[in-house]
Amino acid sequence: MTSTLTPQPVERAKPARTGAVARRRTRVLALPEARWAAAATVLFLLALPLQLTGAPAWTWGSLYALSYVTGGWEPGWEGLKALKDRTLDVDLLMVVAALGAAAIGQVMDGALLIVIFATSGALEALATARTADSVRGLLDLAPATATRLSPAGEEQTVPVEELEVGDTVLVRPGERVGADGRVLDGASEVDQATITGEPLPVAKEPGDEVFAGTLNGTGALRIRVERDASDSVIARIVRMVQEASETKAPTQLFIEKVEQRYSLGMVAATLAVFLVPLAFGAQLTDALLRAMTFMIVASPCAVVLATMPPLLSAIANAGRHGVLVKSAVVMERLGQVDAVALDKTGTLTEGSPRVTDVRPLPGSGLDEAELLTLAAAAERPSEHPLARAVVEAARERGLDLPDAHDFTSAPGVGVTAVVGGRTVAVGAPARLADDAVGTVAELEESGRTAVLVVVDGTPAGLLGVADRLRPEAATTVASLARLTGTAPVLLTGDNPRAAAHLAAEAGIDDVRAGLLPQDKLTAVKEMESAGRKVLVVGDGVNDAPALAAAHTGVAMGRAGSDLALETADAVIVRDELAAVPATVALSRRARRLVVQNLVIAGVFIAGLVVWDLAGDLPLPLGVAGHEGSTVLVGLNGLRLLREGAWQRAAAGADG
């Protein structure tokens with residue numbers, strides 16, 4: 001199985017409205033691989049109890065036969081097509097081994113092998129389809145239509161594909177921007193987290209750049225189009241995800257890396273075991289029985305189980321602790337990483353602004369509680385993220401908020417309301433007053449957003465607002481540094497000052513700020529080209545190209561965008577950052593068990609093969625030895641299902 005995306009043509013959807021578009025997801029049973037695998041599994045589960053309870057052979061035998069057909073025809077057909085290209089893959093070998101097992105009476109063993117391979121193929125097909133769904137759906141972030149203004153000022157609703165460079169478009173409050181361009185007139189705050197990852201809306205004035213797919217706030221904007229729809233930042237993100245997925249080297253489990261040699265060697269050896277005795281006068285039945293015994297004892301069932309149970313057990317254990325690892329390949333790759341790149345907003349931080357400082361100005365006559373009460377009362381009618389942070393801070397302190405009257409909001413400036421007979425204005429200090437410059441500079445130097453509170457026309461105090469660092473961020477950074485041998489890198493679209501302050505708190509020295517999605521992608525490619533196997537941890541659309549290009553990508557699940565969740569190889573469902581190093585450590589334990597199991601399987605196969613070739617290995621004993629090795633390596637791999645395995649991995653990650 002691989003974790004790469006099969007590129008498919010991306011077309012813009014044509015929704016009937018410009019609001020939120022329903023996410024389009026491929027249903028599991030819409031995939032033929034999933035339907036065939038489900039049918040094979042159901043038939044196997046129906047046949048097994050009939051066989052074990054002594055039912056007539058024709059009842060369970062026919063069900064097993066149907067399981068062989070439904071689960072094995074597709075890999076068998078693909079294997080036959082591969083033969084035309086002079087290649088022999090393990091899928092075809094598994095089908096042949098299953099048929100060989102059935103030929104000497106081991107019908108259930110062969111059916112189980114068929115079911116395992118059919119299910120793994122279905123999971124791979126589903127992962128690929130879901131990722132392709134998300135890439136196609138990304139363009140839905142941008143509206144299907146835009147309001148174009150003629151030179152005379154007349155409004156015309158047109159598809160965004162018809163917009164040309166130089167056109168003027170009107171973006172009303174609450175609408176998404178239809179094209180990359182520059183503000184000609186108006187003021188507003190624009191939420192562009194999908195592009196830059198900045199946690200707060202950005203004030204936009206004439207001359208400022210805006211991006212397609214970003215969400216306009218409370219003001220109206222007139223924008224001059226500067227890029228075609230096909231060259232917008234959103235469209236380029238789509239292309240970067242596709243290109244990164246297309247060029248990402250396909251990964252393989254250890255057994256798949258020796259697939260060709262093993263397959264050809266086993267086929268040649270089986271034929272030799274059958275033909276050589278015949279050439280020296282052996283009976284046909286004896287030669288066939290020896291060859292079938294050889295095929296059974298040399299078949300890679302134990303090798304397959306040597307690889308899969310540790311990885312699947314690690315996946316199940318990680319899943320119980322809130323980490324969704326999408327395939328065994330991903331679990332294997334997680335243990336190979338030797339460099340880590342972290343996003344800031346929503347990854348190292350909680351992803352939502354919080355009030356960190358309440359500072360009344362000298363002469364205001366207000367204490368912290370009174371200042372916060374007035375600010376929160378004035379901000380309560382507003383939907384701005386900063387306003388929600390102020391109100392939440394007041395509620396956390398148990399403050400009673402009086403009613404506000406005559407509320408007004410000026411985009412890019414702030415809000416004004418009458419609270420308890422006093423006129424309260426809350427907004428950006430640079431726009432409302434020139435006082436308290438030193439305090440403002442102090443807050444901004446520490447990575448906070450400064451908010452000025454003015455009461456009856458006089459500056460009364462300042463609030464500091466910041467996206468709070470996750471409590472486990474510093475510990476996680478240190479754990480990842482120990483596991484990989486190098487300190488993580490911070491890649492963020494936020495401003496350098498805020499990024500540097502937060503990185504210092506988290507213990508990160510290498511900070512790369514102000515990055516657009518293509519810049520993050522370039523940084524990851526540079527690290528990969530230097531021979532590093534990079535783990536990227538992020539949560540937004542702007543992280544998706546880097547997640548796709550990295551050796552392994554992990555998305556934070558709580559606030560992660562659809563594209564990031566689908567592009568990533570693993571998802572931290574519970575949003576616990578400390579789970580990242582624990583999962584890496586668990587992957588390394590799984591890889592060690594894989595090596596142990598391969599040694600055990602190899603010893604058993606070699607011993608049974610030598611016995612069959614040099615002596616006279618009875619078929620029942622050969623089957624018993626083969627199945628015994630399979631059970632042994634399977635049980636060894638299942639050790640990672642235990643709770644203690646996760647605890648030891650987490651402890652190992654913490655040093």
Side-chain angles (χ1 to χ4, degrees), residues 1 3 123-124 126-127 130-131 134 251 253 308-337 340-343 346-348 350-351 470-473 475-480 482-484 488 533-540 543-544 546-548 550-594 637-654:
M1 296 182 295
S3 59
L123 291 175
E124 178 184 5
L126 179 63
R130 288 287 173 82
T131 306
S134 187
T251 60
L253 297 174
M308 296 304 292
L311 297 174
L312 295 178
S313 297
I315 290 173
N317 202 336
R320 291 203 306 267
H321 293 86
V323 183
L324 171 61
V325 180
K326 295 184 178 180
S327 73
V329 172
V330 174
M331 181 54 76
E332 184 189 46
R333 291 169 67 93
L334 278 165
Q336 300 171 347
V337 298
V340 180
L342 299 169
D343 174 48
T347 301
L348 280 178
E350 296 177 348
R470 292 178 186 269
E472 71 274 24
T475 302
T476 298
V477 168
S479 297
L480 290 171
R482 280 192 295 270
L483 285 170
T484 62
K533 294 180 178 178
V534 183
L535 169 65
V536 172
V537 186
D539 73 313
D543 300 316
L547 289 169
H551 179 77
T552 312
V554 175
M556 303 301 293
R558 181 174 63 85
S561 69
D562 286 349
L563 185 66
L565 296 180
E566 296 293 356
T567 302
D569 300 303
V571 179
I572 309 299
V573 179
R574 297 178 186 171
D575 224 41
E576 297 172 352
L577 189 61
V580 176
T583 306
V584 172
L586 185 66
S587 170
R588 294 187 175 182
R589 292 179 63 86
R591 284 165 56 83
R592 289 195 293 270
L593 276 186
V594 167
L638 294 179
R639 290 163 51 199
L640 289 183
L641 282 174
R642 294 181 298 182
E643 181 67 22
W646 177 267
Q647 295 174 354
R648 285 190 293 273
D654 292 337

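- Looking only at side-chain heavy atoms (C-beta outward), M556 and L577 come within less than 4.5 Å of each other.
- The shortest side-chain heavy-atom distance between T484 and L535 does not fall under the 4.5 Å cut-off.
- By the side chain to side chain contact (heavy atoms under 4.5 Å, CB included) test, S587 is found to be paired with M331, L334, R591, residues two or more places apart in sequence or in another chain being considered.
- You'll find the side chain of V325 stays beyond 4.5 Å of the side chain of D569, heavy atoms only.
- Note that CG of N317 and CG of L640 are 7.5 Å apart. Values are rounded to the nearest 0.5 Å.
- Contact check for D539 versus D343: side-chain heavy atoms found under the 4.5 Å cut-off.
- Of all heavy-atom pairs between E472 and A578, the closest is CG-N, 3.7 Å.
- Shown here are the side chain to side chain contact (heavy atoms under 4.5 Å, CB included) partners of Q647, two or more places apart in sequence or in another chain: E643.
- Closest heavy-atom contact between W646 and A579: CH2-O, 4.2 Å.
- Between atom NE2 of residue H551 and atom CD of residue Q336 there is a gap of 4.0 Å, rounded to the nearest 0.5 Å.
- A distance of 7.0 Å separates CD in E350 from CZ in R470, rounded to the nearest 0.5 Å.
- In terms of heavy atoms, A645 sits closest to R639 at CB-O, 4.2 Å.
- Contact check for V340 versus V477: no side-chain heavy atoms found under the 4.5 Å cut-off.
- Note: L480 CG to L342 CG = 6.5 Å, rounded to the nearest 0.5 Å.
- Remark: T583 pairs with no residue by the side-chain hydrogen bond (donor to acceptor under 3.5 Å, both in side chains) rule, at least two apart or across chains.
- For the pair A550 and V534, the tightest heavy-atom approach, listed with the atom from each and the gap, is CB-O, 3.5 Å.
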Report the C-alpha distance between V337 and V584 in whole Å, list the side-chain angles of each, state the deciding distance to 0.1 Å, and finish with yes or no for side-chain contact (heavy atoms from CB on, under 4.5 Å). CA-CA 8 Å; V337 298; V584 172; 4.2 Å; yes

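- The CD atom of E332 sits 10.0 Å away from atom OG1 of T552, with the distance rounded to the nearest 0.5 Å.
- Here the shortest heavy-atom pairing between L311 and A590 reads CD2-CB, 4.0 Å.
- Counting heavy atoms from C-beta outward, L586 and R648 have side chains that stay 4.5 Å or more apart.
- Scanning both residues, G538 and T347, for their nearest heavy atoms gives CA-OG1, 3.5 Å.
- Considering only heavy atoms from C-beta on, I572 comes within 4.5 Å of V554 through its side chain.
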